[in-house]
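Notes follow once the structure below has been shown.
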Amino acid sequence: MLNNEKIILMTKLSLYEQKNEKSEIKSSRYFKSDYMLMKMLGSFISVTVGYILCLVLWIIFSADKMIGSMTTTGKFVGLLVILVIIYVALTVTYMIFSYAFYSHRFRKIRRNLKEYNGDLKTLHRIQEQEYDAIIDELEEGGEEA
């Protein structure tokens, strides 16, 4: 006989596994600190590469003006200081937003996995009850014969 509750639960679990196997289930192997370290390192690399690319494009675009106006060393040092300050400000801002975003995502993943594990325990309990019922029927059938 079919157990509708078991079928619904198995379908729900299967859909969750298909949808979230690569992102959420694999992320469950990490502690929050490890997960955040990986994501923050990726964010740092991304913002650094993006800044360098934008800086290169800016230098290419305005190389003539920049070389013409850089007659003294003081202007060049001043430009470098400004570029470093912009980089630091951009990186700190981006890292703060990245921390908030990935922290929220980690909490969401943990909440979803907690529900998933609860459903797995419920499914296991249902299967144990079915198994016990089959064993009881077999034992009763064996005693009558």
So, taking the atom named [atom1] in [X] and the one named [atom2] in [Y], what distance separates them when rounded to the nearest 0.5 Å?
X: Gln127; Y: Asp132; atom1: CD; atom2: CG; answer: 12.0 Å
X: Leu41; Y: Ser46; atom1: CG; atom2: OG; answer: 9.5 Å
X: Thr48; Y: Leu90; atom1: OG1; atom2: CG; answer: 9.0 Å
X: Leu55; Y: Ile60; atom1: CG; atom2: CD1; answer: 10.0 Å
X: Ile109; Y: His104; atom1: CD1; atom2: NE2; answer: 10.0 Å
X: Ile126; Y: Met10; atom1: CD1; atom2: CE; answer: 10.0 Å

Following the transitive rule for hydrophobic clusters with a side-chain heavy-atom cut-off under 4.5 Å over Ile, Leu, Val, Met, Phe, Trp and Tyr, establish whether [X] and [Y] coincide in one cluster.
X: Val84; Y: Ile52; value: no
X: Met95; Y: Val49; value: no
X: Val92; Y: Tyr99; value: yes
X: Leu37; Y: Tyr94; value: no
X: Val88; Y: Leu79; value: yes

Practice task
Just say parallel, tilted or perpendicular for the rings of Tyr35 and Tyr102, cut-offs at 30° and 60°.
Solution key: perpendicular

Problem - Parallel, tilted or perpendicular: rings of Tyr51 and Tyr87 (30°, 60°) - result: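 Geometry flag for Tyr51 against Tyr87: tilted rings.
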
Practice task
Mark yes or no for whether Asn117, through its side chain, and Leu113, through its backbone, hold a donor-acceptor pair below 3.5 Å.
Solution key: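 Side chain of Asn117 to backbone of Leu113: a pair is present.
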
Problem - Neighbour count above 12 (heavy atom, 6.0 Å) for Lys32 NZ - result: yes

Practice task
Please tell me if the side chains of Lys39 and Ser98 come closer than 4.5 Å, counting only heavy atoms from C-beta onward.
Solution key: no

Practice task
Compare all side-chain heavy atoms of Arg125 with those of Gln129 and state whether any distance is below 4.5 angstrom.
Solution key: yes

